[in-house]
Amino acid sequence: MIVAAKTTTIIALSSLPKLGSLNPMANNPSQLLPSELIDRCIGSKIWVIMKGDKELVGTLRGFDVYVNMVLEDVTEYEVTAEGRRITKLDQILLNGNNIAILVPGGSPDPE
């Protein structure tokens with residue numbers, strides 16, 4: 001007759017790696033994950049360059065994992081056949097699927 005012995009392994013919590021050490025970039029503050037950089041931009045101006053002929057500048061209020069964004073005090077710049085059209089908007093929900101570039105603190109106009 002074979003009897004299987006049950007063994008239990010106990011791991012001390014102090015022997016586990018710290019959560020920050022699981023991210024190889026955590027030790028180097030000059031490198032951020034993209035979502036961390038966007039998170040740091042909440043409450044500040046951001047320049048969003050879309051895939052088409054539109055650019056937006058506004059205050060980032062929030063975003064999700066798909067980089068859908070809520071922007072306030074938005075200025076929309078659109079290139080048309082007649083020239084550049086500027087539209088002011090109070091608040092928008094922007095679909096992250098159409099975003100090409102995000103520029104924290106940026107602006108399409110030289111200030």
Side-chain angles (χ1 to χ4, degrees):
M1 180 160 123
I2 299 175
V3 177
K6 184 177 180 182
T7 60
T8 304
T9 304
I10 299 174
I11 300 173
L13 291 177
S14 60
S15 68
L16 294 174
K18 293 180 181 168
L19 288 178
S21 65
L22 296 177
N23 179 355
M25 292 185 234
N27 297 329
N28 186 350
S30 66
Q31 294 181 339
L32 293 172
L33 294 172
S35 60
E36 292 171 337
L37 178 60
I38 298 169
D39 190 53
R40 289 184 180 192
C41 294
I42 291 177
S44 60
K45 288 279 185 193
I46 191 164
W47 176 20
V48 182
I49 302 171
M50 305 300 287
K51 289 181 182 176
D53 293 329
K54 288 187 182 182
E55 298 178 14
L56 301 115
V57 176
T59 302
L60 179 63
R61 290 295 170 212
F63 70 99
D64 63 11
V65 295
Y66 302 104
V67 195
N68 297 319
M69 298 181 158
V70 175
L71 300 173
E72 286 184 346
D73 303 321
V74 180
T75 304
E76 179 184 57
Y77 301 90
E78 185 174 10
V79 177
T80 65
E82 296 82 34
R84 190 174 181 191
R85 182 173 66 202
I86 298 173
T87 307
K88 301 281 186 178
L89 304 163
D90 290 332
Q91 188 176 55
I92 64 167
L93 173 59
L94 185 61
N95 186 331
N97 202 31
N98 298 314
I99 295 173
I101 300 173
L102 297 172
V103 183
S107 175
D109 293 328
E111 295 180 33

Nearest 0.5 angstrom please: [X] [atom1] to [Y] [atom2], how far?
X     : Y     : atom1 : atom2 : value
Gln31 : Glu36 : CD    : CD    : 11.0 Å
Arg61 : Cys41 : CZ    : SG    : 12.5 Å
Thr59 : Ile46 : OG1   : CD1   : 10.0 Å

Is there a side-chain contact (heavy atoms from CB on, under 4.5 Å) between Phe63 and Leu94 once you walk through the steps? CA-CA 9 Å; Phe63 70 99; Leu94 185 61; over 6 Å; no
Taking atom CZ of Arg84 as the centre, report whether more than 12 heavy atoms of other residues, nucleotides or ligands fall under 6.0 Å from it. yes
Taking everything shown except Asp64 itself, do over 12 heavy atoms lie less than 6.0 Å from its CG?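 Yes.
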Decide whether [X] and [Y] are clustered together by the hydrophobic rule: side chain heavy atoms of Ile, Leu, Val, Met, Phe, Trp, Tyr closer than 4.5 Å, transitively.
X     : Y      : result
Val74 : Tyr77  : no
Ile38 : Ile101 : no
Leu37 : Trp47  : no
Val48 : Val79  : no
Val70 : Leu56  : no

Taking all non-hydrogen atoms of both residues, which atom of [X] and which atom of [Y] are closest, and how far apart?
X      : Y     : result
Thr75  : Ile86 : CG2-CG2, 3.6 Å
Gly106 : Val57 : O-CG1, 4.1 Å
Lys45  : Asp73 : NZ-O, 3.8 Å
Pro108 : Glu55 : CB-OE1, 3.2 Å
Met50  : Ile99 : SD-CG1, 4.1 Å

Derivation and outcome, side-chain contact (heavy atoms from CB on, under 4.5 Å), residues Leu60 and Leu102: CA-CA 11 Å; Leu60 179 63; Leu102 297 172; over 6 Å; no
side-chain contact (heavy atoms from CB on, under 4.5 Å) assessment of Ile92 paired with Glu76: CA-CA 10 Å; Ile92 64 167; Glu76 179 184 57; over 6 Å; no
Is the backbone N or O of Asn97 less than 3.5 Å from a side-chain atom of Lys51, with the two atoms forming a donor-acceptor pair by type?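 Present.
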Check whether Asp53 reaches the backbone of Glu78 with its side chain - one donor and one acceptor, N or O, closer than 3.5 Å.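 No; judged by distance alone, with no hydrogens or angles, the pair does not exist.
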